[in-house]
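Single-structure report; data block below.
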There are 2 protein chains.
Amino acid sequence: MKLSARVEYGVRAMAVLAFHYQNGPLPLREIARQEEISFQFLEQIFSDLRRAGLLESVRGVRGGYLLARPPAEIKVGDIVRAVEGPITPVDCLADSPSSECRHRKEGCLTRQVWERLRDRINEVLDEVSLADLTDFKTGSID
Amino acid sequence: MKLSARVEYGVRAMAVLAFHYQNGPLPLREIARQEEISFQFLEQIFSDLRRAGLLESVRGVRGGYLLARPPAEIKVGDIVRAVEGPITPVDCLADSPSSECRHRKEGCLTRQVWERLRDRINEVLDEVSLADLTDFKTGSID
DNA sequence: CATAATCCTGAGTGATTTGGTCAGAATTAA
DNA sequence: TTAATTCTGACCAAATCACTCAGGATTATG
């Protein structure tokens, strides 16, 4: 039940971009330096984030990255799913719409639990936006 | 954000024991056969479950395993934590009581999100007992 | 135009984790 | 005494992870 380092880095890097919102593109090298993350590793992560439409890139000199939407409209869940793919606590939930659980004749009893778990995880992650993270004066997220 | 096969197997095996509750010890070999799980792998998992006090064992001929408590008093969360250890979405939460998050001067902004996530995951898993799983006549868990 | 700064991409790599297997000891009912 | 069982530690192959490496594409600036 762990998130990868990719996700942790991704969220932190996006938070940096949120702080910098509306100040023009920020070079990835700068973000990596600030957060002490491997630049080349971050490149891969940002590739996913960009493909997911969460950020835009400007190439060439004076280029960099910008959030594709205002910080309030980017949820932590968006970042997690962009970087790690959909939340699937057990493989059973990955593909099959509702089939494939053929253990025990009564059907896959445990499936309901994993579905609930998946839904709750997505809920929690979608309750918090980048704005919530950067606007730290408000203290608690609640 | 995945659970291991160990957890999936553990929960299914415990559900089998819940079905069999109060019918004397059930040999592990039988459980493994029913659920099509590697017997030797299940042995390791049951070792953890037993050490966690979730089940009792009877050695020798006609031995086997029994739930240490009634199905209603064993939560899926108990099984998950016994088999996988405590839920820690990011390593940041593993040890340090509240320290160690020294990225960015404002402190670890993202930490709150991961703490919430961890708490919610534990909540969901603790809402469902083995009795809920086996008492499938009631349909939905809610 | 040349250069340097930046994004972009695919391949490779060493360490760790995962999902098992193997071998054998300890216990106990029949 | 035997066979059924739990228990334990060592081992192993394959997958995953957290990167690194190498190099191409794009573009502002001098």
Side-chain angles (χ1 to χ4, degrees), chain A residues 1-13 17 20 24-33 35-68 80 82-85 88-92 94, chain B residues 1-13 17 20 24-33 35-68 80 82-85 88-92 94:
Chain A
M1 220 58 223
K2 281 222 195 314
L3 292 164
S4 58
R6 292 172 60 86
V7 161
E8 211 193 318
Y9 294 167
V11 172
R12 267 161 53 199
L17 278 176
H20 194 259
L26 194 57
L28 191 52
R29 196 147 239 137
E30 174 59 20
I31 303 176
R33 197 190 54 72
E35 291 292 323
E36 301 175 58
I37 298 170
S38 149
F39 164 65
Q40 302 189 101
F41 193 26
L42 245 198
E43 272 188 308
Q44 296 186 354
I45 298 167
F46 267 49
S47 168
D48 289 336
L49 292 169
R50 185 175 144 278
R51 241 168 291 179
L54 298 186
L55 38 78
E56 281 162 10
S57 58
V58 181
R59 292 175 131 208
V61 175
R62 296 195 142 228
Y65 288 93
L66 322 93
L67 296 185
V80 173
V83 168
E84 281 212 328
T88 54
V90 306
D91 291 335
C92 167
Chain B
M1 221 59 227
K2 282 222 195 311
L3 292 163
S4 58
R6 291 172 61 85
V7 162
E8 210 193 320
Y9 295 167
V11 171
R12 269 165 46 202
L17 278 177
H20 194 258
L26 194 59
L28 191 52
R29 196 149 240 136
E30 174 59 19
I31 304 176
R33 198 191 53 72
E35 291 291 324
E36 301 176 59
I37 297 170
S38 151
F39 164 64
Q40 304 190 101
F41 193 27
L42 245 199
E43 273 189 307
Q44 295 186 356
I45 298 167
F46 266 50
S47 167
D48 289 336
L49 291 169
R50 184 174 144 281
R51 239 167 293 178
L54 298 186
L55 37 79
E56 279 162 12
S57 58
V58 181
R59 293 174 131 206
V61 175
R62 295 195 142 228
Y65 288 92
L66 321 94
L67 296 186
V80 173
V83 169
E84 280 211 330
T88 53
V90 304
D91 291 335
C92 165

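Below, chains carry the letters A, B, ... as their sequence lines are ordered, and counting in each starts from 1. These values consider heavy atoms only, across backbone and side chains, with no hydrogens, waters or symmetry-generated copies.
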Could you write out each protein N or O paired with an N or O of nucleotides 28-30 of chain D at a distance under 3.5 Å?
unit_1, atom_1, unit_2, atom_2, d
D:dT29, OP1, A:Arg62, NE, 3.4

Kindly give the atom pairs (protein nitrogen or oxygen, nucleotide nitrogen or oxygen) under 3.5 Å for nucleotides 9-14 of chain D.
unit_1, atom_1, unit_2, atom_2, d
D:dA10, N6, B:Gln44, NE2, 3.3

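Atom C1' of nucleotide D:dT20 and atom OH of A:Tyr9 are separated by 14 Å, given to the nearest angstrom. Distance CG (B:Leu42) to C1' (D:dT6): 13 Å, rounded to an integer number of Å.
In this view, A:Arg6 and A:Asp48 satisfy the salt bridge (charged side-chain N to carboxylate O under 4.0 Å, His left out) rule, not counting sequence neighbours. In this view, A:Arg33 and A:Glu30 satisfy the side chain to side chain donor-acceptor pair (under 3.5 Å) rule, not counting sequence neighbours. Residues passing the side chain to side chain contact (heavy atoms under 4.5 Å, CB included) test with B:Ala5, sequence neighbours excluded: B:Tyr9. Taking the side chain to side chain donor-acceptor pair (under 3.5 Å) definition, one finds that A:Ser47 meets it with A:Arg51, sequence neighbours left out. A search for side chain to side chain contact (heavy atoms under 4.5 Å, CB included) contacts involving B:Ala82 returns B:Leu49, B:Ala52, B:Leu54, not counting sequence neighbours.
Sorted by first and then second residue, the side-chain hydrogen bond (donor to acceptor under 3.5 Å, both in side chains) pairs with a member in residues 55-64 of chain B read B:Arg50-B:Ser57; sequence neighbours excluded.
B:Tyr65 comes within contact range of the sugar-phosphate backbone alone, with a heavy-atom separation under 4.0 Å but no base atom that close.
In summary, contact between chain B and DNA chain C, defined as any nucleotide atom under 4.0 Å from a heavy atom of the protein, begins and ends at C:dG19 to C:dA30 in the 5' to 3' direction.
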